[in-house]
Amino acid sequence: MAGLAARLVLLAGAAALASGSQGDREPVYRDCVLQCEEQNCSGGALNHFRSRQPIYMSLAGWTCRDDCKYECMWVTVGLYLQEGHKVPQFHGKWPFSRFLFFQEPASAVASFLNGLASLVMLCRYRTFVPASSPMYHTCVAFAWLSGR
């Protein structure tokens, strides 16, 4: 029982020490996001945001808050560069310009190709391995789950 309590205390301590990336801890970024959300993400301003948001952005699930974070990220990056500092990470990722609704287009393309490769291999597996084989259904279920 004491071992479990010690592990829980260590886990709680590790969680307390964990913090966000440098960019999202920056007061300029946090203040910008708060101000943007207050001005753009409630009441009539939210309706205005939704009316001018491209349909592909809303279908992809981009919210007003996401847009505020994106815009404020670039404000913060500009200030860092202006002061001669290196570009910080935000939420564990490096800043990338958004293309359509992809903030990281290269990563999105790589993920799509990975999913496509998984689908091709699943089709080959189902073609060449009989369904009566041991673990056949387990392998198929694993392929469907891991390809998502």
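Note that this is a predicted model, so its numbers are computed, not measured.
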Asker: Measuring from L46:CG to E37:CD, what's the distance to the nearest 0.5 Å?
Answerer: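 Reported to 0.5 Å precision, the distance equals 11.0 Å.
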Asker: Using 0.5 Å steps for rounding, measure from the CD atom of E71 to the OG1 atom of T76.
Answerer: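 The OG1 atom of T76 is 11.5 Å from CD of E71, to the nearest 0.5 Å.
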Asker: Got a sec, which residues hit side chain to side chain donor-acceptor pair (under 3.5 Å) with R126, two or more places apart in sequence or on another chain?
Answerer: none
Asker: Under 3.5 Å, which donor-acceptor pairs link side chains of residues 128-142 to any protein atom two or more places apart or in another chain?
Answerer:
unit_1, atom_1, unit_2, atom_2, d
S133, OG, P130, O, 3.0

Asker: Rounded to the nearest 0.5 Å, what separation is found between the CH2 atom of W62 and the CG atom of D67?
Answerer: 7.5 Å
Asker: Please check if V33 and V28 belong to a single hydrophobic cluster, counting links between Ile, Leu, Val, Met, Phe, Trp and Tyr side chain heavy atoms closer than 4.5 Å.
Answerer: no
Asker: If the condition is salt bridge (Lys or Arg N to Asp or Glu O under 4.0 Å), which residues does E26 pass it with, not counting sequence neighbours?
Answerer: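 Counting only residues at least two positions away or on another chain, E26 forms no salt bridge (Lys or Arg N to Asp or Glu O under 4.0 Å).
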Asker: Using the rule that Ile, Leu, Val, Met, Phe, Trp and Tyr join whenever any side-chain heavy atoms are under 4.5 Å apart, tell me whether L79 and Y29 fall into a single cluster.
Answerer: no
Asker: Check whether any side-chain N or O of E83 sits under 3.5 Å from a backbone N or O of G78 as a donor-acceptor pair, and report yes or no.
Answerer: no
Asker: Check the pair C68 / C32 against disulfide (SG to SG under 2.5 Å), numbers first and verdict last.
Answerer: CA-CA 8 Å; C68 284; C32 177; over 6 Å; no
Asker: Quick one: list whatever passes disulfide bond (SG atoms under 2.5 Å apart) with C41, sequence neighbours left out.
Answerer: C64
Asker: Within this structure, what is the SG-CZ distance for the pair C36 and R65, rounded to the nearest 0.5 Å?
Answerer: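 The CZ atom of R65 is 10.5 Å from SG of C36, to the nearest 0.5 Å.
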Asker: Got a sec, which residues hit salt bridge (Lys or Arg N to Asp or Glu O under 4.0 Å) with R30, two or more places apart in sequence or on another chain?
Answerer: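 For R30 there are no salt bridge (Lys or Arg N to Asp or Glu O under 4.0 Å) partners, ignoring immediate neighbours.
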Asker: Distance from N114 atom CG to S118 atom OG, nearest 0.5 Å?
Answerer: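 Nearest 0.5 Å value for the CG-OG distance: 5.0 Å.
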Asker: Of all the heavy-atom pairs spanning V77 and F90, show the shortest one and how long it is.
Answerer: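 Heavy atoms only, the tightest pair is CG2-CE1, 3.6 Å.
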Asker: Given the rule that I, L, V, M, F, W and Y join up when any side-chain heavy atoms are under 4.5 Å apart, are Y70 and L81 in one cluster?
Answerer: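 The answer is yes; both residues are in one hydrophobic cluster.
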Asker: Check the pair Y80, K86 against side chain to side chain contact (heavy atoms under 4.5 Å, CB included), reporting the backbone distance first and the verdict last.
Answerer: CA-CA 7 Å; Y80 264 71; K86 295 192 312 187; over 6 Å; no
Asker: Under the side chain to side chain donor-acceptor pair (under 3.5 Å) test, which residues partner S42, sequence neighbours left out?
Answerer: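 For S42 there are no side chain to side chain donor-acceptor pair (under 3.5 Å) partners, ignoring immediate neighbours.
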Asker: Check step by step if side chain to side chain contact (heavy atoms under 4.5 Å, CB included) holds for H91 and K69.
Answerer: CA-CA 10 Å; H91 307 285; K69 287 180 178 181; 4.2 Å; yes
